[in-house]
Protein chains: 2
Amino acid sequence: MRTAGLRPTRQRIALADLLFAAGDRHVSAEALHEEAQAAGFSVSLATVYNTLHQFTEAGMLRIVQVEGARTHFDTNVSDHHHFFIEDENLVFDIPSGRVEVKNLPEPPEGTEIANVDIVVRLRRKVR
Amino acid sequence: MRTAGLRPTRQRIALADLLFAAGDRHVSAEALHEEAQAAGFSVSLATVYNTLHQFTEAGMLRIVQVEGARTHFDTNVSDHHHFFIEDENLVFDIPSGRVEVKNLPEPPEGTEIANVDIVVRLRRKVR
DNA sequence: CTGTGTGCAAACTCTTTGCATAAGT
DNA sequence: ACTTATGCAAAGAGTTTGCACACAG
């Protein structure tokens, strides 16, 4: 954290604990905020946003934009793709190395590919 | 339009004209609203939103969610994917039939794939 | 005429910002 | 002490909604 030029404040440490304790996670700012409250320490929502963005700039998180409005932050910063269950606001990784994209067209004149995002939208089976 | 159970009102007709006159288009509500104003007939932004959603439900448009916040509506309702130039808010189709996804993993127990969206994010080459 | 559509403004959701206070080093 | 972070509340962007008036059938 220090190497990223970020002061290890209480709030940042607490949020980092929540984020990186378990394996890969996908959180929205609001979800993380609630989680922090539930865990008993108070952080303002604004600070959660700030912190998430600072972590993102430091390369510790990446942003996954799977739906309008809400932004999801992913603790897995390697190159991979996502499942998304619409009705539940749930994002999770597609096991990496599995998906392969073939025949990507050349990008138009004067542009280059920044990255390729694949989102597989899921729905619950109604039985 | 009538077959979709939608009354062909002035506003709807005018918006449909703008949308379907030329080939495939990708518009945001705001962009279409401005375009209507520029074309000399007044439609309220709320009506543009309503109309776009009604057209979407009628299967005449599809929603492309490539970035946070803004929603893009696509007049090409066939199965295809998109290029997106971030800094210009520009969405356009990847020539269909070209891209192919291999090795898609099985969706988790109890879910099924609703659809697969591929967004190729582009950036302008700086020369 | 009757019912659906439109326009306006207010409400809403998610996110960002400004500024005084608090906390790290 | 000096500087950077935090918290709050207000502002902002995009979208939706409620309700009176207008218009298509």
Side-chain angles (χ1 to χ4, degrees), chain A residues 1-18 26-37 39-58 60-61 63-73 84 86-91, chain B residues 1-18 26-37 39-58 60-61 63-73 84 86-91:
Chain A
M1 193 128 118
R2 230 174 278 268
T3 59
L6 296 174
R7 266 196 205 160
T9 63
R10 288 176 210 167
Q11 292 83 339
R12 284 178 185 158
I13 292 166
L15 293 174
D17 280 351
L18 289 177
H26 299 79
V27 293
S28 65
E30 203 131 5
L32 185 59
H33 182 235
E34 278 168 25
E35 201 173 317
Q37 309 285 281
F41 55 87
S42 73
V43 197
S44 78
L45 184 54
T47 296
V48 173
Y49 274 106
N50 287 337
T51 304
L52 286 172
H53 281 125
Q54 289 152 357
F55 285 4
T56 300
E57 265 169 49
M60 301 157 64
L61 295 176
I63 288 176
V64 186
Q65 203 69 266
V66 289
E67 51 157 351
R70 194 162 285 147
T71 303
H72 294 260
F73 295 82
F84 177 54
E86 325 223 8
D87 300 324
E88 301 171 40
N89 236 320
L90 198 57
V91 181
Chain B
M1 193 129 114
R2 229 174 280 268
T3 58
L6 296 174
R7 265 196 206 163
T9 65
R10 288 174 209 167
Q11 292 83 340
R12 283 177 184 161
I13 291 166
L15 293 175
D17 281 351
L18 289 177
H26 300 79
V27 294
S28 65
E30 202 132 3
L32 185 59
H33 183 234
E34 280 169 24
E35 202 174 319
Q37 310 283 279
F41 56 86
S42 72
V43 197
S44 79
L45 185 55
T47 298
V48 173
Y49 274 106
N50 287 337
T51 303
L52 285 172
H53 282 125
Q54 288 152 358
F55 285 4
T56 300
E57 264 168 50
M60 302 157 65
L61 295 176
I63 287 176
V64 186
Q65 203 70 267
V66 289
E67 50 157 350
R70 194 164 280 138
T71 303
H72 293 261
F73 294 84
F84 177 55
E86 325 222 8
D87 300 324
E88 301 171 39
N89 236 318
L90 197 57
V91 181

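Residue numbering restarts at 1 for every chain, and letters A, B, ... go by the order of the sequence lines.
A distance below 6.0 Å separates the ring centres of A:His53 and A:Phe73.
In this structure, A:Leu45 and B:His72 both approach DNA chain D, and ranking their closest nucleotides by distance from the 5' end singles out A:Leu45.
In this model, the phosphate group of D:dA5 is not approached by any side-chain N or O of A:Thr51 to a distance below 4.0 Å at OP1 or OP2. A close approach under 4.0 Å does occur between a side-chain nitrogen or oxygen of A:Gln11 and OP1 or OP2 of D:dG7. Of the side-chain N and O atoms in B:Thr47, one or more sit less than 4.0 angstrom from OP1 or OP2 of C:dG7.
Side-chain contact between B:His72 and B:Val66 is present, with at least one heavy-atom pair separated by less than 4.5 Å.
Comparing atom distances between the B:Ser44 side chain and each of D:dA5, C:dG7, D:dG14 picks out C:dG7 as nearest. Residue A:Ala46 places its side chain closer to D:dC8 than to any other of D:dC23, D:dG14, D:dC8. Checked against D:dG14, C:dT16, D:dA5, the side chain of A:Arg12 finds its nearest nucleotide in D:dA5. When each of C:dT17, C:dT6, D:dG14 is scored by its nearest atom to the side-chain atoms of A:Asn50, the top-ranked nucleotide is C:dT17. Considering only the side chain of B:Arg10, D:dC23 comes nearest among C:dC8, D:dC23, D:dG25. Among the nucleotides D:dT6, C:dT16, D:dG14, the one closest to any side-chain atom of A:Tyr49 is C:dT16.
At a threshold of 4.0 angstrom between heavy atoms, the contacts of B:His53 are confined to the sugar-phosphate backbone, with no base atom among them. When heavy atoms are screened at a 4.0 angstrom cut-off, B:Ser28 is found touching no nucleic acid atom at all. Nucleic acid contact for A:Thr71: sugar-phosphate only, since backbone atoms but no base atoms lie under 4.0 Å from a heavy atom of the residue.
The base of C:dT25 has none of its N or O atoms less than 3.5 Å from a complementary donor or acceptor on the side chain of A:Arg7.
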